[in-house]
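Letters go in sequence order (proteins before strands), and every chain restarts at 1.
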Amino acid sequence: MSSPVSEREQKVLSIIETARAKRQKFRDTQITMAHGAGGKATASLIEGLLVPAFANETLEALADAGTVSLLGGHVAMTTDSFVVNPISFPGGTIGELAVNGTLNDVAMAGARPVALSLSLILEEGLSADILKEQVAAIAAAAADAGVPIVAGDTKVVERGACDQMYICTTGIGVLDDRANLSPASLQPGDKILVSGRIGDHGTAIMLARGEFELDADITSDTQCLWPMVDTLLDQAGGSLRCLRDATRGGVASVLNELARASRVAMVINEAAVPVHPAVAGAAEILGIDPMHVANEGKLVAIVAPEAANAALTALRSMPGGEQAAEIGECKTEPQGMVLMATAFGGKRVMDQLVGDPLPRIC
Amino acid sequence: MKYVDEFRDPALGEVLAGEILGLVEPGRHYKFMEVCGGHTHSIYKYGIDDLLPANVELVHGPGCPVCVIPMGRVDDAISLAHEPEVIFTCFGDMLRVPGSAGTLLDAKAEGADIRMVYSPLDALRIAKTNPERPVVFFAIGFETTAPSTALTLKRAKAEGVANFFCMCNHVTIVPPLRALLDSPDLRLDGFIGPGHVSTVVGVRPFSFIPDEYHKPIAVAGFEPLDVLHAIHMILTQLKQGRCEVENQYARVVPWEGNPRALQVMAEVFELRPHFEWRGMGFISQSGLKLSEAYADMDAEIAYSVPGIRIADPKACQCGEVLKGVIKPWECKVFGSGCTPERPIGTCMVSSEGACAAYYNYGRFAREREVV
């Protein structure tokens, strides 16, 4: 039971939805931290400035990695910069993030990662021991994934011009024949899966900064997702519509992007979303929604309904996927919108994040 | 989460919703105001509206600390933040509130040293680690947050932290409620009373609402069952022809409030003769400033701020939204000119603001089937 929506209210809502469906414009006069948060301001920067400037079909797909045809095959390529503060935190380091983050973007295109490049920007005065630790972490993560680092670059900037170290990595991968993924391919009825508990990375970083005087046993979930994708492709192959790793902006941002790209609605069942109790507790205290908190080793998979169980079983069979869950379903209306069926029995919109609760998360 | 999940139990929610349905008279329209922005947020976040009969309407009130800050105060804050060497600290929501020429976030991008804090004690810590630089804390909020500001100022004084200043924007809850009740364009059947404020001021200050204005009020907690329970209590009062202050949030709110917090506030603050509220104009004795004893820590005395009253943008109807006269979507610029990412008015900024809550959580046609 609910209060009826008047025709006038309906009209206002329709106008808003029409406006939101349009590509966002970049109208800001300067860059603020919000442009780096992975939410709406980031979207306006990418869709309003960068994509139009470099206009091409591959980039316009707004996928985690772009695909190019090369010597008769298809190659996925992506690049990512890492500026996380602090550079070491429970469960990971900036070096591991730099390897896994880029590998994951390649994997989300349905491509097997084959090579990485590595670019280091170092601050004058950085301790050699810290640098050595990070280099060892980079080497170990790359070795774990079985992907060689085949090119690199180093730059040093004056003290204060960067914070200890920033890392940029580029990854390429070979598109897997089993994959047929596109953010625009979602159909009503498709099931929405997440590969495990959400919000661990962002919460671990938040607590590691020590600004909140909160203490909890939460570690970053950074991991390379290719083995999981490999298994998913085996078990659900052609029924997989799209994969996304839910980094900055969290699962909510990913779902909103996909709902818009495919012009479908989504309904998420709040009670089904797996969240570590400590993450739920921290989010509760800080007034943050775990659906907006960053992950570094979790993927969102949209699957045709008939393959949902197989995909879920595949995810749960893999390390880091034990807590995978089906959290919702694609619907027809209201187009482009993500709704949350709350555990209390009501309904609400689940929008992208506005503003930046936590800068420099990755 | 223990002590939280119990108050979010959907089965109990259904029972309460059923009882509420039994309490309403068919054909009668009920209009209740939730005074506090925290309630507005809860109502939308949990979809509490979906459990209410169609003839029970919730109207959003003025109890959102960020929402009531007028533009001139934002300009004063930005001017302070641009003072040489100043480290300016405030809560996160405040960063995005537009002044007449941009927000604090814009000022930060222009080079002002503006830092987001979660507690006034964080600001004091920054002052202690940067003794050579003045640190200004932009204090906002009702009686809920005023005691923590007061305690921080007391501690700064006791520890002799000479570089810590406060720009005080604390306000009190009763004067705007009176202003609302005196305004002829709003007809309400009852109030969901502000739970957080009441932990400090207690329940007694709200007795003027039934005594003088003959409206029932239930001071309520912020979990979905709390809100439903409060509505249940108000409807019961109406049905039984009673009209009084009731305390739904008794597990947290003592009848007399928190005397120690009130005493600290009295020590550190004094009432301003009047204070400007966004969209509601000047309300007498509704704002706090630092008392004589703390005047040396008053940023408005230590620095000269413009102190110019800036009229709200013409298109902005925050005032009417804050008074519950119009629904967020009825504002001329709602969702078009004014969105959470590009707000014109304060109600679209804070997560407790009615417009932001409606835009972020409630913005879909409820009667339209999700198929």
Which bit of [X] comes within less than 4.5 Å of chain B, counting heavy atoms only: side chain, backbone, both or neither?
{"X": "A:A41", "value": "neither"}
{"X": "A:D28", "value": "both"}
{"X": "A:E284", "value": "side chain"}

Greater than 12 external heavy atoms within 6.0 Å of [X]'s [atom1]:
{"X": "B:K128", "atom1": "NZ", "value": "yes"}
{"X": "B:R155", "atom1": "CZ", "value": "no"}
{"X": "B:R133", "atom1": "CZ", "value": "yes"}

Nearest non-hydrogen partners of A:F344 and B:D9, listed with the distance: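 Looking at all heavy atoms of both residues, the closest pair is CE1-O, 3.6 Å.
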
Heavy-atom pair of closest approach, residues B:G47 and A:T342: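 Looking at all heavy atoms of both residues, the closest pair is N-CG2, 4.4 Å.
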
Quick one: [atom1] on [X] to [atom2] on [Y], what's the gap to the nearest 0.5 Å?
{"X": "A:K11", "Y": "B:W329", "atom1": "NZ", "atom2": "CH2", "answer": "11.0 Å"}
{"X": "B:Y359", "Y": "A:D351", "atom1": "OH", "atom2": "CG", "answer": "6.5 Å"}
{"X": "B:S351", "Y": "A:D289", "atom1": "OG", "atom2": "CG", "answer": "11.5 Å"}
{"X": "B:Y44", "Y": "A:R348", "atom1": "OH", "atom2": "CZ", "answer": "13.5 Å"}
{"X": "A:K347", "Y": "B:D49", "atom1": "NZ", "atom2": "CG", "answer": "13.0 Å"}

Structural part of [X] lying under 4.5 Å from a heavy atom of chain A:
{"X": "B:E110", "answer": "both"}
{"X": "B:K45", "answer": "both"}
{"X": "B:E223", "answer": "side chain"}
{"X": "B:L228", "answer": "side chain"}
{"X": "B:N360", "answer": "both"}
{"X": "B:L225", "answer": "both"}

Derivation and outcome, side-chain contact (heavy atoms from CB on, under 4.5 Å), residues B:F334 and A:V12: CA-CA 8 Å; B:F334 178 82; A:V12 172; 4.2 Å; yes

Report the option among [options] that has the most heavy-atom pairs separated by less than 4.5 Å from atoms of chain A.
{"options": "B:H41, B:E14, B:R342", "answer": "B:R342"}
{"options": "B:P340, B:P10, B:A356", "answer": "B:P10"}
{"options": "B:E330, B:E57, B:K108", "answer": "B:E330"}

Residue pair A:E9 / B:K327, side-chain heavy-atom distance below 4.5 Å: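 Contact flag for A:E9/B:K327 side chains = no.
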
Option in A:R27, A:E270, A:E329 with maximal non-hydrogen atom pairs under 4.5 Å from chain B: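 Greatest number of close heavy-atom pairs with chain B: A:R27.
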
Winner by heavy-atom pair count (cut-off under 4.5 Å) against chain B, out of A:A271, A:A343, A:G345: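 So the answer, after comparing A:A271, A:A343, A:G345, is A:A343.
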
Backbone of B:D106 reached by a side-chain donor or acceptor of A:Q30 within 3.5 Å: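 Checked: pair present.
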
